[in-house]
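Below is one structure, written out as structure tokens; the observations come after it.
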Amino acid sequence: MEVIIITGPPYSGKGTQCDYLKKRTNFDHISTGDRCRLEKKNGTPIGLIMSEYEENGNLVPDSVIKDLFTKILKGCESRGVILDGYPRTVCQVDDLIEITSELNLEIKLVINICVPRNELLKRAEIRMKSSDRKDDRIEIHSKRIEIFENSTLPAIEYFRSKINVIDVDGVGTLDEVSSRIGHILSGPDVQ
Ligand code: AMP
């Protein structure tokens, strides 16, 4: 099974670009954020642990997310998957490399969507107006961006030292960003 990883800060449009990637590749889309919310909604033991972290904008502990993520991948039967929201810490990069090697998965492409902080905050404000998610509060939004900068940016740099990570400019319309990603999919970085 092939793996495409899409990473980037909160509000960088990862979810929408995953929809685009899904149409282009026919791979399954796995969002760890969506899976956390699903476990919570189903009231599973793992969901109960995760709900407090998720609602406060904190990252779920690496070991909990590793178990969830391994369970999801083991149950996945498609030709390929698009990972959205994993890895987010240096430890998760190592976990991902371990899991993909154990399950014989091939990391085909890592895309990092780059959006400056002021643009992220603008987008967060717009989303707050139209959302009923419990983590949609301004202090939570700022915290999520801070966590990205403190934990996920170093993880992306660590990942870059092990594997080719391709940066994509995430400023512009959704179609413009999709078109940039489309060029990468058709380009020499993807076998
Ligand atoms: P998202 O929808 O991707 O923004 O994720 C929502 C929430 O789910 C995050 O704020 C975390 O609490 C949790 N979460 C999702 N992915 C991860 C991850 N890779 N590591 C830790 N927590 C995660």
Side-chain angles (χ1 to χ4, degrees), residues 1-38 59 65 69 72-73 76-90 92-93 95-97 99-100 103-127 130-131 133 141 144-145 147-149 151-191:
M1 188 162 68
E2 294 178 345
V3 180
I4 294 178
I5 294 168
I6 186 147
T7 185
Y11 326 110
S12 58
K14 286 195 304 287
T16 310
Q17 297 310 330
C18 285
D19 291 342
Y20 167 76
L21 277 169
K22 194 172 172 201
K23 272 193 213 127
R24 279 277 310 245
T25 59
N26 246 338
F27 286 5
D28 278 0
H29 172 204
I30 298 176
S31 151
T32 43
D34 285 351
R35 297 302 175 113
C36 287
R37 285 183 284 275
L38 183 68
L59 291 180
I65 207 92
F69 183 65
I72 297 168
L73 279 183
C76 191
E77 288 177 348
S78 72
R79 191 169 61 83
V81 290
I82 301 155
L83 293 186
D84 162 12
Y86 193 91
R88 289 194 192 186
T89 65
V90 167
Q92 289 180 17
V93 172
D95 288 343
L96 173 75
I97 290 169
I99 297 164
T100 48
L103 301 181
N104 221 355
L105 312 177
E106 181 202 350
I107 301 179
K108 196 178 157 79
L109 179 65
V110 184
I111 294 174
N112 176 35
I113 304 183
C114 306
V115 180
R117 185 179 233 270
N118 59 343
E119 173 70 20
L120 296 175
L121 286 168
K122 252 194 265 166
R123 293 182 188 184
E125 262 179 49
I126 294 169
R127 194 171 95 177
S130 61
S131 169
R133 271 175 55 169
H141 288 295
R144 294 177 81 226
I145 293 171
I147 290 177
F148 171 81
E149 289 168 345
S151 300
T152 308
L153 267 185
I156 295 169
E157 289 319 305
Y158 178 58
F159 210 8
R160 209 188 284 284
S161 71
K162 299 186 171 283
I163 203 161
N164 184 24
V165 174
I166 302 177
D167 292 332
V168 172
D169 179 4
V171 179
T173 64
L174 294 172
D175 284 348
E176 281 165 349
V177 181
S178 298
S179 152
R180 289 170 200 149
I181 293 178
H183 277 109
I184 294 168
L185 287 179
S186 326
D189 288 304
V190 183
Q191 284 93 38

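The chain is numbered in sequence order, starting from 1. It should be emphasised that the depicted structure is a prediction, and the values quoted were computed from it without experimental measurement. Only this structure's heavy atoms are used, side chains among them; waters, hydrogens and symmetry mates stay out.
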### Message
The test is side-chain contact (heavy atoms from CB on, under 4.5 Å); show your working for Y11 and V115 and say whether it passes.
### Response
CA-CA 9 Å; Y11 326 110; V115 180; over 6 Å; no

Any chance you could measure [X], atom [atom1], to [Y], atom [atom2], to the nearest 0.5 Å?
| X | Y | atom1 | atom2 | value |
| --- | --- | --- | --- | --- |
| I72 | L38 | CD1 | CG | 9.0 Å |
| N112 | I156 | CG | CD1 | 4.0 Å |
| I5 | F159 | CD1 | CZ | 4.0 Å |
| I30 | R35 | CD1 | CZ | 5.5 Å |
| L59 | I147 | CG | CD1 | 5.0 Å |
| I4 | L185 | CD1 | CG | 6.0 Å |

### Task
Mind jotting down which residue pairs meet the salt bridge (Lys or Arg N to Asp or Glu O under 4.0 Å) criterion with at least one end in residues 5-22? Sequence neighbours excluded, please.
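Passing the test, one end in residues 5-22: no pairs.
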
Side-chain contact, heavy-atom cut-off 4.5 Å: [X] with [Y]?
| X | Y | answer |
| --- | --- | --- |
| L73 | M1 | yes |
| I65 | C36 | yes |
| Y20 | L174 | no |
| V171 | P116 | yes |

### Task
Say whether, by atom type as modelled, one donor and one acceptor occur between the side chain of R88 and the main chain of A155 under 3.5 angstrom.
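No: the side chain of R88 does not pair with the backbone of A155.
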
### Task
State whether the side chain of S151 and the backbone N or O of F148 hold a donor-acceptor pair below 3.5 Å, judged by distance alone.
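Not at all, since once roles are kept as given, no pair shorter than 3.5 Å links the two residues.
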
Where do [X] and [Y] come nearest, in terms of heavy atoms and distance?
| X | Y | value |
| --- | --- | --- |
| L120 | P9 | CD1-CB, 3.5 Å |
| P87 | L96 | CD-CD2, 3.9 Å |
| C76 | V81 | SG-CG1, 3.4 Å |
| D84 | G15 | OD2-CA, 4.0 Å |
| C18 | I6 | SG-CG2, 3.2 Å |

### F27: ring-ring contact (aromatic ring centres under 6.0 Å, His included) partners, not counting sequence neighbours
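For F27, no residue satisfies ring-ring contact (aromatic ring centres under 6.0 Å, His included) once neighbours in sequence are set aside.
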
### Task
Applying side chain to side chain contact (heavy atoms under 4.5 Å, CB included) between Q17 and each of I82, V177, I111, report the one that passes.
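Running side chain to side chain contact (heavy atoms under 4.5 Å, CB included) over I82, V177, I111 with Q17 returns exactly one hit, V177.
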
### Task
Could you walk me through whether T7 and S12 pass the side-chain contact (heavy atoms from CB on, under 4.5 Å) test, one step at a time?
CA-CA 9 Å; T7 185; S12 58; over 6 Å; no

#### Entry: With R117 via side-chain hydrogen bond (donor to acceptor under 3.5 Å, both in side chains) - residues at least two apart
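side-chain hydrogen bond (donor to acceptor under 3.5 Å, both in side chains) list for R117, sorted by chain: E149.
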
### Task
Test D167 against R160 for side-chain contact (heavy atoms from CB on, under 4.5 Å), laying out the working first.
CA-CA 10 Å; D167 292 332; R160 209 188 284 284; 3.1 Å; yes

### Query
Near N118 CG, under 6.0 Å, is it more than 12 heavy atoms from other residues, nucleotides or ligands?
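Count over threshold, so yes.
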
